[in-house]
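Notes for the one structure printed next.
Both ligands and their constituent atoms are indexed starting at 1 by order of listing. Being a predicted model, the structure only gives us computed values, none of them experimental.
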Amino acid sequence: MKASWDIFCSVVDNFGDVGVTFRLARQLVTEHDLHVRLWIDDLNAFARLCPGADPLADRQLRDGVTVCRWPKEWPKAWQPVELPDVVVEAFACRLPPDYIEAMLARERRPLWFNLEYLSAEDWVSGCHGLPSIQSSGLRKYFFFPGFTEKTGGLLREAGLTEKRQAFQASPGARQSFLQRLNIVPHAEARLMSLFAYEHAGLGSWLECLAQADRKTHLLVPEGRILGDVQRWLGVEELKAGAVHARDALRIQVLPFVRQEDYDRLLWCCDFNVVRGEDSFVRAQWAGRPLIWHIYEQDDDAHWAKLDAFLELYLVGLSEEARQALTEVWRSWNGGKAMTQGWHALEQHTDELAAHAERWCLEQALQEDLTTALVRFYQSWI
Ligand code: TRH
């Protein structure tokens, strides 16, 4: 009989929580033939990632995953359900108390994971896979995604690299995909994408692109960065479909697209600016250079995470390229002017491109996160 999994996702803000859990759920179904229920407390966020999904439905089948509304507030309180074999609590989101009671009462208890946020910090490998004994006596296992084999790895579907490489090797596939999104770049223009949080120094970067020798076509999916783009352009309102040109720079605003299309968009671009967790990982799988706009934490803990990733990622680059990339990432995340760093980075375009592909292939040698979770379960039973 197929094992059954429940994944719980509470949407804090943005799209990362739902993006990661839906990706995991789909992979458990398609590659491991499991029954998966995905409990989400904000189906509006889900419907943005999965067009066609019904934000009002209590239960719907999407890509083989049973997506359920996670009722948290009166009058729709949590109703008892049949317990699965495995429970994934994503990002410490706190399971419904009645559900925990039911786990406790069952003779054969489910395996309970807390799937943590992604971090390249050293301490992660020491905590990955460890159980934490709850006051109820239940055990909850910490599962950490990461970049080394001492962690749970990254979400990566089977055959992703081959699919991406085949797409990038096919000018026809690229062109018809771009046309579908009404993107018609100038033949000599490099293509870039921008998915970021607000950035006070954004204007300085756009200015660099506008004044560059080479044309740039910048694709900006609708989202939080649009206000800064708008300010620099000096226009009233930017919506999907808008196109504005300033010297060598053409900016095109895109609608928020489904996850598979966002992947292809990253594959098409020569350079991607990404954020949070999931788009950050997908940009690495694109094998192209990137800037990571990390999710800011109140206690500034994000800086340690940024530096820990850079320490791994920079290995193998020349000293000059390392310095330029570090400067650009740090300026971006500090909301500072980008001019100096970006000019330095532009000197290393080819080196950074080759490096991004190498990094992707190296990371792809590791076991993917979904398989690691399934394997953990198999050795646990
Ligand atoms: O939306 P985010 O900022 O999410 C963040 C992070 O996950 C952060 O770690 C977390 O603490 C916070 O949320 C609560 O960035 P992220 O993680 O890249 O998620 C964006 C998702 O949206 C990702 O799955 C890709 C997807 N996406 C599309 O499907 N279509 C699009 O057009 C775009 C731009 C993104």
Count the heavy atoms belonging to other residues, nucleotides or ligands that lie under 6.0 Å from CD of E260, then report whether that count exceeds 12.
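Counting neighbours around CD of E260, more than 12 heavy atoms of other residues, nucleotides or ligands fall under 6.0 Å, so yes.
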Between W332 and W342, does the ring centroid distance fall short of 6.0 Å?
no
Are W285 and W267 an aromatic pair by the rule of ring centers under 6.0 Å?
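Centroid distance W285-W267: not below 6.0 Å, so no.
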Can a donor-acceptor pair be found between the side chains of Q134 and S132 at a distance below 3.5 Å?
yes
Could you state whether L38 and L95 fall into the same hydrophobic cluster, counting links through intermediate Ile, Leu, Val, Met, Phe, Trp or Tyr residues with side-chain heavy atoms under 4.5 angstrom apart?
no
I'd like to know if R108 pairs up with D85 as an ion pair, taking the criterion as any Lys NZ or Arg NE/NH1/NH2 lying under 4.0 Å from an Asp or Glu carboxylate oxygen.
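Counted as a salt bridge, because a side-chain N and a carboxylate O are separated by less than 4.0 Å.
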Below 4.0 Å from any atom of ligand 1, which residues have a heavy atom? Give them in chain and number order, please.
D13, N14, F15, G16, D17, G19, L49, Y117, F195, Y197, P221, F256, V257, R258, Q259, Y262, R275, G276, E277, D278, S279, Y295
